[in-house]
Asker: 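My questions will all concern the structure given below.
By convention here, the first residue in the shown sequence is residue 1. Each ligand, and each atom within it, is numbered from 1 in the order the structure gives. These numbers were taken from a predicted model, which means no experiment stands behind them.
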Amino acid sequence: MSEISFQTIKRETAVSIPDELVFGRNFTDHVFEMDYNPAKGWHNPVIKKYDSLSMDPAAMVLHYGQAVFEGLKAYKQVDGKIALFRPEKNIARLNNSNRRMCIPEVDEKFVLKALLELIKVEKDWIPTKEGHSLYIRPFIFANDPFLGVKASDVYKLMIILSPVGPYYPEGFKPVPIMVTEDYVRAVRKGIGECKAAANYAASLMAQVEAKKLGYSQVLWLDGVEQKYIEEVGTMNIFIQLNDEVVTPMLNGSILPGITRMSTLEILRDWDYNINERMISIDEVMDAHYNGRLVEIFGTGTAAVISAVSKLKYRDLEIKFNENEAGELSKKLYAELTGIQYGTKEDKFGWITHLD
Ligand SMILES: *Cc1c(COP(=O)(O)O)cnc(C)c1O
């Protein structure tokens, strides 16, 4: 792979980060981009000004949705160092998504290098306020102008960056969720385990209906029997039953979250009794009525840990901890964000510093 070239990066005005950061609404002024075609492979890696794209209206992604993405964050740590949390895992997962979506794989070391180069160029965009970070969005899409369902020959990879505030601006607040039986997010042997754009298009209807009823996330059941718990919104889910902490085992339709993986490693280190297994919604409801259900939380890069305040299933609604986050949610949130912002020891070696 050729070296990354930088189109002259001269800012006319100094970086100024807006005061009010709505998640995903503000972008930095440079992007990384490279292209793929069968003759050249991945080529023309470049860091250039953020600008609109000019696309052929027949570009295959617009018709058949062949696109994948990733999401991770860069943090300004308390000592001023810039840190990324397990970025190599995101790029490995990007290639997993690529393989399933018939998109050519990328050179993981090269993409990591490109990502770090871009963050170096954009480092003044990383907000320093508490709980703020720079959200990193790599994505790849089919860019061949062709009408006909097949894997595209031509692709574009881009990385864009978005300065973000804390996911819950009012502080670590638990959210109400509802089980949907009318829709499924994904099915085994489908594309649920990929961060493929199409999965999110498929999830919108349930999300809209949940919002209308006053719930902020959907709890997804499995696509075959609609019995087993899979995920919550775009997060993995953890359920504490007395001293057992359960998360659904990866089965092909669940997205293998990096926060999920890290949460499991921390809980193992803390000697919790953890189980990756199938867990039905009936088991969770029964556990509540038997007094065994302690708390439920979601895990994901955006919110890190998202505690659940209420769970609606059919005409039942159960409540947790009087609208406060549970003990374990709070402990995990403090541990993960502590490692990310450098206030806790990185004992697992998860942090990559920008030198
Ligand atoms: C991205 C995502 C997650 C969380 O993954 P992280 O790597 O922890 O951010 C969980 N579920 C879905 C559906 C996702 O898209």
Asker: Around atom CE of Met205, are there more than 12 heavy atoms from other residues, nucleotides or ligands closer than 6.0 Å?
Answerer: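 Count not over threshold, so no.
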Asker: Output the list of atoms in ligand 1 that are nearer than 4.0 Å to some heavy atom of Gly257, sorted by atom number.
Answerer: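 Atoms satisfying the 4.0 Å criterion: 5 (O), 6 (P), 7 (O), 8 (O).
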Asker: Polar contacts were defined as any N/O atom of the residue lying under 3.5 Å from an N/O atom of the ligand; does this apply to Lys195 and ligand 1?
Answerer: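 Among all N and O atoms of Lys195, at least one is under 3.5 Å from an N or O of ligand 1.
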Asker: May I ask you to identify, for Met235, whether its side chain, its backbone, both or neither come under 4.0 Å of ligand 1 on a heavy-atom basis?
Answerer: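 It is the backbone that gets close, since no side chain atom is under 4.0 Å.
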Asker: Is it true that Glu130 and Tyr341 share a donor-acceptor pair across their side chains at a distance under 3.5 Å?
Answerer: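 Side chains of Tyr341 and Glu130: no pair found under 3.5 Å.
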Asker: Would you check whether Gly233 has a nitrogen or oxygen atom less than 3.5 angstrom from a nitrogen or oxygen atom of ligand 1?
Answerer: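 No - when backbone and side-chain N and O of Gly233 are compared with those of ligand 1, no distance drops under 3.5 Å.
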Asker: Using distance alone, decide if ligand 1 has a nitrogen or oxygen within less than 3.5 Å of any nitrogen or oxygen in Glu231.
Answerer: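 N/O-N/O distance under 3.5 Å: yes.
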Asker: Tell me whether the centres of the aromatic rings in Tyr200 and Phe69 are closer together than 6.0 Å.
Answerer: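 Yes, ring centres under 6.0 Å apart.
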Asker: Just to verify, which of Leu328, Val175, Val308, Ile239 counts as forming a side chain to side chain contact (heavy atoms under 4.5 Å, CB included) with Phe297?
Answerer: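 Of the listed options, the one satisfying the test is Leu328.
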Asker: Which of the atoms of ligand 1 are close to Arg93, meaning less than 4.0 Å from one of its heavy atoms?
Answerer: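 Listed by number with element: 5 (O), 6 (P), 7 (O).
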Asker: How about Lys150: does its NZ atom have over 12 heavy atoms from other parts shown lying under 6.0 Å from it?
Answerer: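 Counting other residues, nucleotides and ligands, NZ of Lys150 exceeds 12 neighbours.
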Asker: May I ask you to check whether Thr301 has an N/O atom sitting below 3.5 Å from an N/O atom of ligand 1?
Answerer: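 By distance alone, the answer is yes.
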Asker: If you count the atoms of ligand 1 from 1 in the order shown, which ones are under 4.0 Å from a heavy atom of Arg185?
Answerer: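 Counting atoms of ligand 1 from 1, those under 4.0 Å from Arg185 are 13 (C).
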Asker: Is Met261 in contact with ligand 1, taking contact as a heavy-atom separation below 4.0 Å?
Answerer: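 So Met261 does not count as touching ligand 1.
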Asker: With a 4.5 Å cut-off on side-chain heavy-atom distances among I, L, V, M, F, W and Y, is there a chain of contacts connecting Leu157 to Ile160?
Answerer: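 Not linked; separate clusters.
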Asker: Please could you name the atoms of ligand 1 that Thr234 approaches to less than 4.0 Å, counting only its heavy atoms?
Answerer: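 Numbered from 1, ligand 1 contributes 2 (C), 3 (C), 4 (C), 10 (C), 11 (N), 12 (C), 13 (C), 14 (C).
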Asker: Indicate whether the side chain of Asn96 and that of Glu193 have a donor and an acceptor atom separated by less than 3.5 Å.
Answerer: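 Short answer, no.
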Asker: Counting only heavy atoms not in Glu20, do more than 12 sit closer than 6.0 Å to its CD atom?
Answerer: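 Not more than 12 within 6.0 Å, no.
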Asker: Under a 4.0 angstrom heavy-atom cut-off, which atoms of ligand 1 come close to Tyr200?
Answerer: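 Atoms satisfying the 4.0 Å criterion: 13 (C), 14 (C), 15 (O).
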Asker: Less than 3.5 Å between some nitrogen or oxygen of Thr259 and one of ligand 1, yes or no?
Answerer: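 Yes, Thr259 has an N/O under 3.5 Å of an N/O on ligand 1.
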